[in-house]
Amino acid sequence: MTASPTLPKSRQQLILAVLMLCSLLIWLDNTVLSTTLETLADPVRGLDAGPAELQWATGSYTLTFATLMFTAGALGDRFGHRTVLVAGLLVFAGSSMWAAYASDAGQLIAARAAMGMGSALIMPANMALLMWTFTGPARTSAIAVSSTSAGVGMAAGPVLAGLLLDHFWWGSVFLVNVPVAALALAGIATLVPNFRSPAPRPLDPAGMLLSISGLAALAYGLIRAGQVTTWSRTDVWAPIAVGLALLTAFVLVELRSKEPSFDPRLLAQRAFGGGNAALGLLLFAVAAVTFYSAFYMQGARGFSPMEAGLASLPTALGAVLGAPLGARLVRRWSLRLVSGPAFTVAALSMGAYGVFGLHTPLVWIEILLLVQGLSIGMVLGPVTAALISTLPLERAGAGSAVTNTVRQTGSVIGIAVGGTIMSIVYRHAIEPALNHVPASVQDRARVSAEQARRVATEAHRPSLARAADDAFVHAMHVGAAWVMLIALCGAAVLVVALRPDGKPKNRVPEPDRDREGSRSGVGVHPHARGGKC
(Lines give C-alpha, C1' and ligand atoms only; values in the text may rest on other atoms or scores of the structure.)
Protein backbone atom coordinates (compact mmCIF):
# COMPACT_ATOMS: atom_id res chain seq x y z
CA MET A 1 0.00 0.00 0.00
CA THR A 2 1.20 3.51 -0.76
CA ALA A 3 -0.75 5.49 1.78
CA SER A 4 -2.03 4.90 5.25
CA PRO A 5 -5.71 3.88 5.34
CA THR A 6 -7.99 6.03 7.43
CA LEU A 7 -8.29 4.26 10.77
CA PRO A 8 -10.89 5.12 13.41
CA LYS A 9 -9.48 7.46 16.02
CA SER A 10 -10.17 4.96 18.81
CA ARG A 11 -8.15 2.29 16.99
CA GLN A 12 -5.32 4.77 16.38
CA GLN A 13 -5.12 5.46 20.10
CA LEU A 14 -5.07 1.75 20.91
CA ILE A 15 -2.31 1.17 18.36
CA LEU A 16 -0.35 4.02 19.94
CA ALA A 17 -0.73 2.37 23.37
CA VAL A 18 0.59 -0.95 21.99
CA LEU A 19 3.54 0.75 20.29
CA MET A 20 4.36 2.63 23.49
CA LEU A 21 4.36 -0.70 25.34
CA CYS A 22 6.96 -2.02 22.86
CA SER A 23 9.09 1.07 23.36
CA LEU A 24 8.63 0.84 27.13
CA LEU A 25 10.03 -2.69 27.04
CA ILE A 26 13.34 -1.44 25.62
CA TRP A 27 13.71 1.49 28.02
CA LEU A 28 12.66 -0.67 30.96
CA ASP A 29 15.41 -3.17 30.18
CA ASN A 30 18.08 -0.47 29.84
CA THR A 31 17.38 1.02 33.25
CA VAL A 32 16.91 -2.36 34.92
CA LEU A 33 20.44 -3.37 33.93
CA SER A 34 22.02 -0.16 35.24
CA THR A 35 20.59 -0.91 38.69
CA THR A 36 21.85 -4.50 38.50
CA LEU A 37 25.50 -3.72 37.64
CA GLU A 38 26.69 -3.56 41.25
CA THR A 39 25.01 -6.91 42.02
CA LEU A 40 26.51 -8.55 38.93
CA ALA A 41 29.98 -7.50 40.14
CA ASP A 42 29.45 -9.34 43.43
CA PRO A 43 31.03 -12.85 43.52
CA VAL A 44 28.34 -14.24 45.84
CA ARG A 45 25.08 -12.59 44.78
CA GLY A 46 26.07 -12.06 41.13
CA LEU A 47 28.57 -13.28 38.53
CA ASP A 48 31.79 -11.72 39.88
CA ALA A 49 31.92 -9.64 36.69
CA GLY A 50 34.82 -7.22 36.25
CA PRO A 51 34.52 -3.65 34.93
CA ALA A 52 35.26 -4.64 31.33
CA GLU A 53 32.71 -7.46 31.47
CA LEU A 54 30.10 -5.07 32.84
CA GLN A 55 30.92 -2.61 30.06
CA TRP A 56 30.42 -5.39 27.52
CA ALA A 57 27.20 -6.58 29.19
CA THR A 58 25.86 -3.11 28.49
CA GLY A 59 27.81 -2.44 25.32
CA SER A 60 27.10 -5.73 23.51
CA TYR A 61 23.38 -4.99 23.68
CA THR A 62 23.78 -1.44 22.42
CA LEU A 63 26.28 -2.53 19.77
CA THR A 64 23.98 -5.06 18.10
CA PHE A 65 21.08 -2.64 18.58
CA ALA A 66 22.93 0.10 16.72
CA THR A 67 24.43 -1.98 13.92
CA LEU A 68 21.36 -4.07 13.03
CA MET A 69 18.75 -1.31 13.07
CA PHE A 70 19.24 -0.07 9.54
CA THR A 71 18.95 -3.64 8.22
CA ALA A 72 15.86 -4.16 10.37
CA GLY A 73 14.31 -1.02 8.89
CA ALA A 74 14.87 -2.32 5.38
CA LEU A 75 13.33 -5.68 6.37
CA GLY A 76 10.23 -3.85 7.60
CA ASP A 77 9.91 -1.93 4.35
CA ARG A 78 10.23 -5.21 2.45
CA PHE A 79 8.22 -7.75 4.50
CA GLY A 80 5.93 -5.54 6.58
CA HIS A 81 6.65 -3.64 9.77
CA ARG A 82 4.24 -5.67 11.90
CA THR A 83 5.98 -8.90 10.85
CA VAL A 84 9.38 -7.51 11.86
CA LEU A 85 8.00 -6.10 15.13
CA VAL A 86 6.57 -9.49 16.11
CA ALA A 87 9.89 -11.19 15.28
CA GLY A 88 11.74 -8.63 17.40
CA LEU A 89 9.50 -9.18 20.41
CA LEU A 90 9.95 -12.95 20.17
CA VAL A 91 13.73 -12.65 19.96
CA PHE A 92 13.79 -10.16 22.83
CA ALA A 93 11.65 -12.35 25.10
CA GLY A 94 13.65 -15.50 24.33
CA SER A 95 17.03 -13.86 24.89
CA SER A 96 15.74 -12.29 28.12
CA MET A 97 15.14 -15.79 29.46
CA TRP A 98 18.66 -16.75 28.35
CA ALA A 99 20.11 -13.75 30.18
CA ALA A 100 18.15 -14.56 33.33
CA TYR A 101 19.72 -18.01 33.60
CA ALA A 102 23.25 -17.15 32.40
CA SER A 103 25.85 -18.99 34.45
CA ASP A 104 28.75 -16.61 33.86
CA ALA A 105 29.55 -13.17 32.51
CA GLY A 106 30.34 -14.50 29.03
CA GLN A 107 26.89 -16.04 28.65
CA LEU A 108 25.28 -12.85 29.92
CA ILE A 109 27.18 -10.78 27.35
CA ALA A 110 26.06 -13.12 24.55
CA ALA A 111 22.44 -13.04 25.76
CA ARG A 112 22.53 -9.25 25.95
CA ALA A 113 23.79 -9.13 22.36
CA ALA A 114 20.80 -11.27 21.33
CA MET A 115 18.50 -8.91 23.23
CA GLY A 116 20.04 -6.06 21.24
CA MET A 117 19.13 -7.91 18.05
CA GLY A 118 15.52 -8.07 19.22
CA SER A 119 15.52 -4.38 20.08
CA ALA A 120 16.95 -3.57 16.64
CA LEU A 121 13.98 -5.31 15.04
CA ILE A 122 11.51 -3.59 17.37
CA MET A 123 12.54 0.06 17.24
CA PRO A 124 12.43 0.95 13.49
CA ALA A 125 9.26 -1.10 12.96
CA ASN A 126 7.69 0.58 15.98
CA MET A 127 8.38 4.08 14.66
CA ALA A 128 7.37 3.18 11.10
CA LEU A 129 4.00 1.79 12.25
CA LEU A 130 3.41 4.98 14.21
CA MET A 131 4.12 7.07 11.09
CA TRP A 132 1.78 4.96 8.96
CA THR A 133 -1.00 5.07 11.56
CA PHE A 134 -1.07 8.85 12.08
CA THR A 135 -1.06 11.72 9.59
CA GLY A 136 -0.45 15.46 9.73
CA PRO A 137 -0.20 17.23 13.09
CA ALA A 138 -1.53 14.10 14.81
CA ARG A 139 1.66 12.31 13.80
CA THR A 140 3.87 14.88 15.53
CA SER A 141 1.71 14.68 18.66
CA ALA A 142 1.81 10.88 18.60
CA ILE A 143 5.61 10.85 18.33
CA ALA A 144 5.86 13.27 21.25
CA VAL A 145 3.46 11.16 23.34
CA SER A 146 5.30 7.98 22.40
CA SER A 147 8.58 9.49 23.59
CA THR A 148 7.18 9.64 27.13
CA SER A 149 7.55 5.85 27.28
CA ALA A 150 11.27 6.53 27.76
CA GLY A 151 10.53 8.44 30.95
CA VAL A 152 8.10 5.79 32.19
CA GLY A 153 10.71 3.10 31.57
CA MET A 154 13.36 5.17 33.33
CA ALA A 155 11.01 5.57 36.29
CA ALA A 156 9.78 2.00 36.58
CA GLY A 157 13.01 0.17 35.70
CA PRO A 158 15.26 1.06 38.66
CA VAL A 159 12.47 0.68 41.23
CA LEU A 160 11.35 -2.63 39.75
CA ALA A 161 14.94 -3.87 39.64
CA GLY A 162 15.52 -2.80 43.24
CA LEU A 163 12.39 -4.60 44.39
CA LEU A 164 13.35 -7.80 42.58
CA LEU A 165 16.99 -7.73 43.71
CA ASP A 166 15.92 -7.27 47.33
CA HIS A 167 13.72 -10.40 47.18
CA PHE A 168 14.96 -12.61 44.34
CA TRP A 169 18.12 -13.51 42.43
CA TRP A 170 19.60 -11.13 39.85
CA GLY A 171 18.18 -13.01 36.86
CA SER A 172 14.65 -12.06 37.84
CA VAL A 173 15.20 -8.56 36.44
CA PHE A 174 15.36 -10.02 32.92
CA LEU A 175 12.36 -12.32 33.31
CA VAL A 176 10.17 -9.23 33.73
CA ASN A 177 10.50 -8.66 29.98
CA VAL A 178 8.63 -11.86 29.10
CA PRO A 179 5.07 -10.96 30.27
CA VAL A 180 5.44 -7.42 28.88
CA ALA A 181 6.43 -8.83 25.48
CA ALA A 182 3.50 -11.29 25.60
CA LEU A 183 1.04 -8.45 26.28
CA ALA A 184 2.50 -6.42 23.41
CA LEU A 185 2.24 -9.40 21.04
CA ALA A 186 -1.44 -9.83 21.90
CA GLY A 187 -2.11 -6.16 21.15
CA ILE A 188 -0.23 -6.30 17.83
CA ALA A 189 -2.13 -9.39 16.69
CA THR A 190 -5.54 -7.78 17.28
CA LEU A 191 -4.96 -4.13 16.38
CA VAL A 192 -1.98 -3.37 14.13
CA PRO A 193 -2.12 -3.62 10.29
CA ASN A 194 0.95 -4.92 8.46
CA PHE A 195 2.06 -1.71 6.69
CA ARG A 196 4.97 -1.99 4.27
CA SER A 197 6.72 0.13 1.65
CA PRO A 198 5.32 -0.18 -1.90
CA ALA A 199 8.90 -0.27 -3.24
CA PRO A 200 10.92 -2.78 -1.15
CA ARG A 201 14.67 -2.38 -1.32
CA PRO A 202 17.30 -5.14 -1.48
CA LEU A 203 19.13 -6.15 1.65
CA ASP A 204 22.67 -4.90 2.22
CA PRO A 205 24.96 -7.71 3.49
CA ALA A 206 28.16 -5.78 2.73
CA GLY A 207 27.00 -2.74 4.68
CA MET A 208 25.79 -4.90 7.56
CA LEU A 209 29.14 -6.73 7.81
CA LEU A 210 31.20 -3.53 7.66
CA SER A 211 29.08 -1.65 10.22
CA ILE A 212 28.98 -4.50 12.74
CA SER A 213 32.69 -5.32 12.50
CA GLY A 214 33.69 -1.62 12.51
CA LEU A 215 31.70 -0.71 15.61
CA ALA A 216 32.72 -3.92 17.39
CA ALA A 217 36.42 -3.25 16.75
CA LEU A 218 36.14 0.39 17.83
CA ALA A 219 34.24 -0.48 21.03
CA TYR A 220 36.69 -3.29 21.86
CA GLY A 221 39.68 -0.97 21.50
CA LEU A 222 38.13 1.72 23.69
CA ILE A 223 37.11 -0.75 26.40
CA ARG A 224 40.53 -2.47 26.23
CA ALA A 225 42.15 0.94 26.79
CA GLY A 226 40.52 1.05 30.22
CA GLN A 227 42.03 -2.31 31.20
CA VAL A 228 45.69 -1.55 30.46
CA THR A 229 48.14 1.11 31.55
CA THR A 230 49.03 2.62 28.16
CA TRP A 231 47.29 3.32 24.85
CA SER A 232 50.47 2.54 22.91
CA ARG A 233 49.75 -1.20 23.10
CA THR A 234 48.85 -2.88 19.83
CA ASP A 235 45.70 -4.43 21.31
CA VAL A 236 44.41 -0.91 22.00
CA TRP A 237 45.25 1.27 19.02
CA ALA A 238 44.99 -1.45 16.36
CA PRO A 239 41.30 -2.29 17.01
CA ILE A 240 40.47 1.43 17.18
CA ALA A 241 42.26 2.08 13.85
CA VAL A 242 40.65 -0.96 12.21
CA GLY A 243 37.23 0.05 13.51
CA LEU A 244 37.53 3.57 12.13
CA ALA A 245 38.75 2.22 8.76
CA LEU A 246 35.86 -0.24 8.52
CA LEU A 247 33.30 2.43 9.41
CA THR A 248 34.78 4.71 6.76
CA ALA A 249 34.50 1.89 4.23
CA PHE A 250 30.91 1.33 5.34
CA VAL A 251 29.98 4.95 4.64
CA LEU A 252 31.68 4.83 1.23
CA VAL A 253 29.89 1.59 0.30
CA GLU A 254 26.53 3.02 1.31
CA LEU A 255 27.17 6.25 -0.62
CA ARG A 256 27.85 4.26 -3.80
CA SER A 257 24.79 2.07 -3.38
CA LYS A 258 21.67 3.04 -5.32
CA GLU A 259 19.44 1.59 -2.61
CA PRO A 260 21.38 1.81 0.70
CA SER A 261 19.78 0.43 3.85
CA PHE A 262 21.56 3.12 5.85
CA ASP A 263 21.50 6.28 3.75
CA PRO A 264 24.36 8.63 4.74
CA ARG A 265 22.92 11.21 2.34
CA LEU A 266 20.21 11.93 4.88
CA LEU A 267 22.90 12.93 7.36
CA ALA A 268 24.40 15.35 4.83
CA GLN A 269 21.39 17.65 5.30
CA ARG A 270 22.15 20.24 7.94
CA ALA A 271 18.97 19.92 10.00
CA PHE A 272 18.57 16.14 9.82
CA GLY A 273 22.27 15.28 10.02
CA GLY A 274 23.18 17.90 12.60
CA GLY A 275 20.14 17.12 14.72
CA ASN A 276 20.97 13.42 14.75
CA ALA A 277 24.63 14.13 15.53
CA ALA A 278 23.54 16.26 18.49
CA LEU A 279 21.23 13.52 19.77
CA GLY A 280 24.07 11.02 19.38
CA LEU A 281 26.29 13.20 21.58
CA LEU A 282 23.47 13.58 24.11
CA LEU A 283 22.99 9.81 24.30
CA PHE A 284 26.79 9.44 24.59
CA ALA A 285 26.69 11.64 27.69
CA VAL A 286 23.58 9.99 29.15
CA ALA A 287 25.08 6.49 28.78
CA ALA A 288 28.36 7.52 30.44
CA VAL A 289 26.66 9.32 33.34
CA THR A 290 24.26 6.41 33.90
CA PHE A 291 27.23 4.03 34.08
CA TYR A 292 28.91 6.25 36.71
CA SER A 293 25.73 6.76 38.70
CA ALA A 294 25.04 3.05 39.18
CA PHE A 295 28.35 2.53 40.97
CA TYR A 296 28.21 5.85 42.82
CA MET A 297 24.83 5.16 44.42
CA GLN A 298 25.27 1.49 45.33
CA GLY A 299 29.05 1.28 45.65
CA ALA A 300 30.43 4.53 47.02
CA ARG A 301 27.26 5.61 48.85
CA GLY A 302 26.27 2.08 49.96
CA PHE A 303 22.60 2.29 48.89
CA SER A 304 20.63 -0.91 48.45
CA PRO A 305 19.28 -1.64 44.94
CA MET A 306 15.83 -0.46 46.02
CA GLU A 307 17.20 2.74 47.56
CA ALA A 308 19.24 3.43 44.43
CA GLY A 309 16.17 2.83 42.27
CA LEU A 310 14.07 5.23 44.31
CA ALA A 311 16.87 7.81 44.23
CA SER A 312 16.81 7.78 40.42
CA LEU A 313 13.08 8.55 40.21
CA PRO A 314 13.54 12.34 39.80
CA THR A 315 15.44 11.78 36.55
CA ALA A 316 12.58 9.68 35.19
CA LEU A 317 9.92 12.08 36.45
CA GLY A 318 11.73 14.95 34.78
CA ALA A 319 11.94 13.04 31.48
CA VAL A 320 8.20 12.26 31.59
CA LEU A 321 7.32 15.90 32.20
CA GLY A 322 10.00 17.32 29.90
CA ALA A 323 8.79 15.79 26.61
CA PRO A 324 5.25 17.26 26.62
CA LEU A 325 6.50 20.52 28.15
CA GLY A 326 9.08 20.83 25.38
CA ALA A 327 6.43 20.12 22.73
CA ARG A 328 4.18 22.90 24.09
CA LEU A 329 7.03 25.39 24.26
CA VAL A 330 8.07 24.56 20.69
CA ARG A 331 4.57 25.42 19.48
CA ARG A 332 4.89 28.84 21.13
CA TRP A 333 8.49 29.64 20.13
CA SER A 334 10.68 27.34 18.02
CA LEU A 335 12.61 24.09 18.37
CA ARG A 336 15.92 25.94 18.31
CA LEU A 337 14.99 28.38 21.09
CA VAL A 338 13.68 25.57 23.32
CA SER A 339 16.07 22.67 22.69
CA GLY A 340 19.32 24.68 22.64
CA PRO A 341 19.04 26.04 26.21
CA ALA A 342 17.57 22.74 27.46
CA PHE A 343 20.52 20.82 25.97
CA THR A 344 22.94 23.24 27.66
CA VAL A 345 21.24 22.76 31.03
CA ALA A 346 21.41 18.98 30.57
CA ALA A 347 25.15 19.21 29.88
CA LEU A 348 25.78 21.37 32.95
CA SER A 349 23.73 19.01 35.14
CA MET A 350 25.91 16.10 34.00
CA GLY A 351 29.01 18.11 34.83
CA ALA A 352 27.57 18.68 38.30
CA TYR A 353 28.45 15.06 39.09
CA GLY A 354 31.88 16.59 39.53
CA VAL A 355 30.79 18.09 42.87
CA PHE A 356 29.12 14.94 44.24
CA GLY A 357 30.99 13.40 47.16
CA LEU A 358 30.60 10.60 49.66
CA HIS A 359 28.51 12.79 51.97
CA THR A 360 26.63 15.07 49.57
CA PRO A 361 23.08 15.56 50.96
CA LEU A 362 20.65 13.41 49.00
CA VAL A 363 18.19 16.27 48.56
CA TRP A 364 20.68 18.20 46.40
CA ILE A 365 21.34 15.13 44.29
CA GLU A 366 17.60 14.61 43.79
CA ILE A 367 17.07 18.24 42.73
CA LEU A 368 19.90 18.01 40.24
CA LEU A 369 18.58 14.71 38.82
CA LEU A 370 15.13 16.26 38.38
CA VAL A 371 16.60 19.16 36.42
CA GLN A 372 18.68 16.74 34.37
CA GLY A 373 15.70 14.55 33.46
CA LEU A 374 13.51 17.56 32.66
CA SER A 375 16.09 19.09 30.32
CA ILE A 376 16.85 15.79 28.57
CA GLY A 377 13.14 15.19 28.02
CA MET A 378 12.73 18.67 26.53
CA VAL A 379 15.44 17.83 23.98
CA LEU A 380 14.77 14.18 23.11
CA GLY A 381 11.00 14.38 22.64
CA PRO A 382 10.63 17.50 20.44
CA VAL A 383 13.85 17.00 18.43
CA THR A 384 13.05 13.35 17.70
CA ALA A 385 9.51 14.26 16.64
CA ALA A 386 10.78 17.02 14.34
CA LEU A 387 13.45 14.86 12.70
CA ILE A 388 11.22 11.82 12.19
CA SER A 389 8.45 13.98 10.71
CA THR A 390 10.77 14.98 7.85
CA LEU A 391 11.22 11.41 6.65
CA PRO A 392 9.53 10.06 3.49
CA LEU A 393 6.71 7.73 4.46
CA GLU A 394 7.65 5.03 1.96
CA ARG A 395 11.05 4.74 3.69
CA ALA A 396 9.78 5.10 7.22
CA GLY A 397 11.51 1.99 8.53
CA ALA A 398 14.94 2.64 7.04
CA GLY A 399 14.75 6.39 7.68
CA SER A 400 13.87 6.07 11.36
CA ALA A 401 16.60 3.44 11.64
CA VAL A 402 19.15 6.10 10.65
CA THR A 403 18.05 8.26 13.59
CA ASN A 404 18.06 5.38 16.06
CA THR A 405 21.37 3.98 14.78
CA VAL A 406 23.14 7.29 15.40
CA ARG A 407 21.67 7.50 18.91
CA GLN A 408 22.57 3.93 19.85
CA THR A 409 26.05 4.34 18.41
CA GLY A 410 26.44 7.35 20.70
CA SER A 411 25.40 5.14 23.63
CA VAL A 412 27.89 2.39 22.67
CA ILE A 413 30.80 4.81 22.51
CA GLY A 414 29.61 6.64 25.63
CA ILE A 415 29.70 3.43 27.67
CA ALA A 416 33.11 2.50 26.26
CA VAL A 417 34.71 5.92 26.68
CA GLY A 418 33.02 6.70 30.02
CA GLY A 419 34.08 3.39 31.52
CA THR A 420 37.59 3.72 30.13
CA ILE A 421 38.10 7.20 31.59
CA MET A 422 36.89 5.99 34.97
CA SER A 423 39.14 2.90 34.94
CA ILE A 424 42.27 4.83 33.98
CA VAL A 425 41.76 7.67 36.47
CA TYR A 426 40.76 5.26 39.25
CA ARG A 427 43.95 3.21 38.84
CA HIS A 428 46.14 6.30 39.10
CA ALA A 429 44.20 7.61 42.11
CA ILE A 430 44.32 4.33 44.10
CA GLU A 431 48.04 3.75 43.53
CA PRO A 432 49.38 5.76 46.54
CA ALA A 433 47.22 3.68 48.91
CA LEU A 434 48.78 0.41 47.67
CA ASN A 435 52.38 1.04 48.70
CA HIS A 436 52.30 -1.07 51.86
CA VAL A 437 49.86 -3.86 51.02
CA PRO A 438 50.60 -7.37 49.64
CA ALA A 439 50.95 -7.77 45.88
CA SER A 440 47.83 -9.96 45.65
CA VAL A 441 45.79 -7.25 47.34
CA GLN A 442 47.28 -4.60 45.06
CA ASP A 443 46.28 -6.49 41.90
CA ARG A 444 42.67 -6.86 42.96
CA ALA A 445 42.39 -3.32 44.27
CA ARG A 446 43.57 -1.89 40.95
CA VAL A 447 40.77 -3.63 39.03
CA SER A 448 37.91 -1.55 40.42
CA ALA A 449 36.59 0.11 43.55
CA GLU A 450 34.22 -2.86 44.03
CA GLN A 451 37.12 -5.30 44.08
CA ALA A 452 39.10 -3.00 46.39
CA ARG A 453 36.25 -2.84 48.93
CA ARG A 454 35.91 -6.63 48.94
CA VAL A 455 39.63 -7.32 49.34
CA ALA A 456 39.84 -4.62 52.02
CA THR A 457 37.14 -6.45 54.00
CA GLU A 458 38.88 -9.79 53.55
CA ALA A 459 42.29 -8.34 54.55
CA HIS A 460 40.83 -6.24 57.41
CA ARG A 461 42.11 -2.99 55.91
CA PRO A 462 39.35 -0.39 56.27
CA SER A 463 41.74 2.35 55.16
CA LEU A 464 41.98 0.66 51.74
CA ALA A 465 38.19 0.71 51.36
CA ARG A 466 38.14 4.45 52.16
CA ALA A 467 40.93 5.04 49.65
CA ALA A 468 38.97 3.10 47.01
CA ASP A 469 35.89 5.26 47.63
CA ASP A 470 37.97 8.43 47.34
CA ALA A 471 39.63 7.19 44.15
CA PHE A 472 36.26 6.29 42.63
CA VAL A 473 34.79 9.71 43.42
CA HIS A 474 37.84 11.41 41.90
CA ALA A 475 37.49 9.29 38.76
CA MET A 476 33.79 10.16 38.55
CA HIS A 477 34.64 13.87 38.84
CA VAL A 478 37.12 13.68 35.96
CA GLY A 479 34.72 11.65 33.83
CA ALA A 480 31.85 14.07 34.52
CA ALA A 481 33.94 17.01 33.34
CA TRP A 482 34.68 15.28 30.03
CA VAL A 483 31.05 14.21 29.62
CA MET A 484 29.89 17.79 30.21
CA LEU A 485 32.26 19.14 27.55
CA ILE A 486 31.07 16.57 25.01
CA ALA A 487 27.43 17.34 25.80
CA LEU A 488 28.09 21.08 25.41
CA CYS A 489 29.53 20.33 21.98
CA GLY A 490 26.27 18.54 21.21
CA ALA A 491 24.28 21.60 22.27
CA ALA A 492 26.36 23.78 19.94
CA VAL A 493 25.87 21.33 17.06
CA LEU A 494 22.10 21.36 17.60
CA VAL A 495 21.88 25.16 17.65
CA VAL A 496 23.84 25.38 14.39
CA ALA A 497 21.86 22.55 12.76
CA LEU A 498 18.52 24.22 13.50
CA ARG A 499 19.62 27.67 12.35
CA PRO A 500 17.13 29.06 9.79
CA ASP A 501 18.73 29.48 6.37
CA GLY A 502 16.75 32.66 5.69
CA LYS A 503 15.98 31.69 2.10
CA PRO A 504 12.40 31.63 0.81
CA LYS A 505 11.09 28.27 -0.21
CA ASN A 506 9.43 28.06 -3.65
CA ARG A 507 7.46 24.88 -3.38
CA VAL A 508 3.92 23.60 -3.42
CA PRO A 509 2.39 24.03 0.05
CA GLU A 510 1.92 20.85 2.04
CA PRO A 511 -0.31 21.87 4.95
CA ASP A 512 0.26 18.93 7.27
CA ARG A 513 4.01 18.61 6.81
CA ASP A 514 4.70 22.33 6.56
CA ARG A 515 2.79 23.06 9.71
CA GLU A 516 4.81 20.46 11.57
CA GLY A 517 8.07 21.73 10.12
CA SER A 518 7.35 25.37 11.01
CA ARG A 519 6.72 24.45 14.58
CA SER A 520 9.92 22.51 14.87
CA GLY A 521 12.24 24.70 12.84
CA VAL A 522 13.19 21.77 10.61
CA GLY A 523 12.46 21.77 6.89
CA VAL A 524 10.60 18.99 5.12
CA HIS A 525 12.81 16.33 3.62
CA PRO A 526 12.95 16.86 -0.15
CA HIS A 527 11.90 13.29 -0.90
CA ALA A 528 9.05 13.31 1.58
CA ARG A 529 6.57 14.71 -0.92
CA GLY A 530 5.99 11.42 -2.62
CA GLY A 531 4.86 9.72 0.55
CA LYS A 532 1.98 11.89 1.72
CA CYS A 533 -0.83 10.25 3.55
Is the side chain of S334 donor-acceptor paired with the backbone N or O of V330 at a distance under 3.5 Å, no angle test? no

Sub-3.5 Å donor-acceptor pair from the side chain of R112 to the main-chain atoms of A57, do we have one? yes

To the nearest 0.5 Å, what is the distance between OG1 (T344) and CG (L494)? 9.0 Å

Just by distance, do the side chain of R301 and the backbone of T360 share a donor-acceptor pair under 3.5 Å? yes

Report yes if some heavy atom in the side chain of L325 is under 4.5 Å from a heavy atom in the side chain of L329; otherwise report no. yes

Between E431 and R446 (salt bridge meaning N to carboxylate O under 4.0 Å), is one present in this structure? yes

Could you tell me how the ring of F92 sits relative to the ring of Y61: parallel (under 30°), tilted (30 to 60°) or perpendicular (over 60°)? perpendicular

Could you tell me whether a side-chain N or O of Y353 sits under 3.5 Å from a main-chain N or O of M484, the two making a donor and an acceptor? no

How are the rings of W170 and F174 set to each other: parallel, tilted or perpendicular (split at 30° and 60°)? perpendicular

If you look at every heavy atom in A114 and W98, which pair is closest and at what distance? CB-CZ3, 4.1 Å

Can you measure from OG1 (T39) to CG (L47) and round to the nearest 0.5 angstrom? 10.5 Å

Ignoring hydrogens and geometry, is there a side-chain-to-backbone donor-acceptor pair from S172 to F168 under 3.5 Å? no

Below 4.5 Å, heavy atoms only, C-beta onward: do D469 and R453 meet side chain to side chain? yes

Apply side chain to side chain contact (heavy atoms under 4.5 Å, CB included) to V286 and M350, showing your working. CA-CA 8 Å; V286 169; M350 294 174 190; 3.6 Å; yes

CH2/W364: more than 12 non-hydrogen atoms of other groups inside 6.0 Å: no

Distance (rounded to the nearest 0.5 Å) between I430 CD1 and H474 NE2: 11.5 Å

From CA spacing to verdict: side chain to side chain contact (heavy atoms under 4.5 Å, CB included), F356, L368: CA-CA 11 Å; F356 287 178; L368 182 72; 3.2 Å; yes

How many angstroms lie between atom CG of L160 and atom CG of L165, to the nearest 0.5 angstrom? 9.0 Å

Could you tell me the separation between the CG atom of L164 and the CG atom of L175, rounded to the nearest 0.5 Å? 9.0 Å

Is the backbone of F472 close enough, under 3.5 Å, to the side chain of H477 for a donor and an acceptor to pair up by distance? no

Under 3.5 Å, side chain of S349 to main-chain N/O of A346, donor-acceptor pair present? yes

Check whether any side-chain heavy atom of Q372 sits under 4.5 Å from a side-chain heavy atom of V289, and report yes or no. yes

Less than 4.5 Å apart, any side-chain heavy atom of V371 and any of V345? yes

Hey, mind stepping through S293 and M297 against side chain to side chain contact (heavy atoms under 4.5 Å, CB included) and telling me if it holds? CA-CA 6 Å; S293 181; M297 289 294 192; 4.1 Å; yes

Any side-chain to backbone donor/acceptor pair from T64 onto A113? Under 3.5 Å, distance only. yes

Looking at S95 and V91, would you say the former's side chain and the latter's main chain have a donor-acceptor pair under 3.5 Å? yes

Tell me if a side-chain donor or acceptor on S23 pairs with a main-chain N or O of L19 at a distance below 3.5 Å. no

Is there a side chain to side chain contact (heavy atoms under 4.5 Å, CB included) between L108 and D104 once you walk through the steps? CA-CA 6 Å; L108 178 62; D104 55 45; over 6 Å; no

Taken to the nearest 0.5 Å, the spacing of N177 CG from L25 CG works out to 5.0 Å

Does some side-chain heavy atom of Y426 sit less than 4.5 Å from a side-chain heavy atom of V473? no

F284 versus V417: any side-chain heavy-atom pair under 4.5 Å? yes

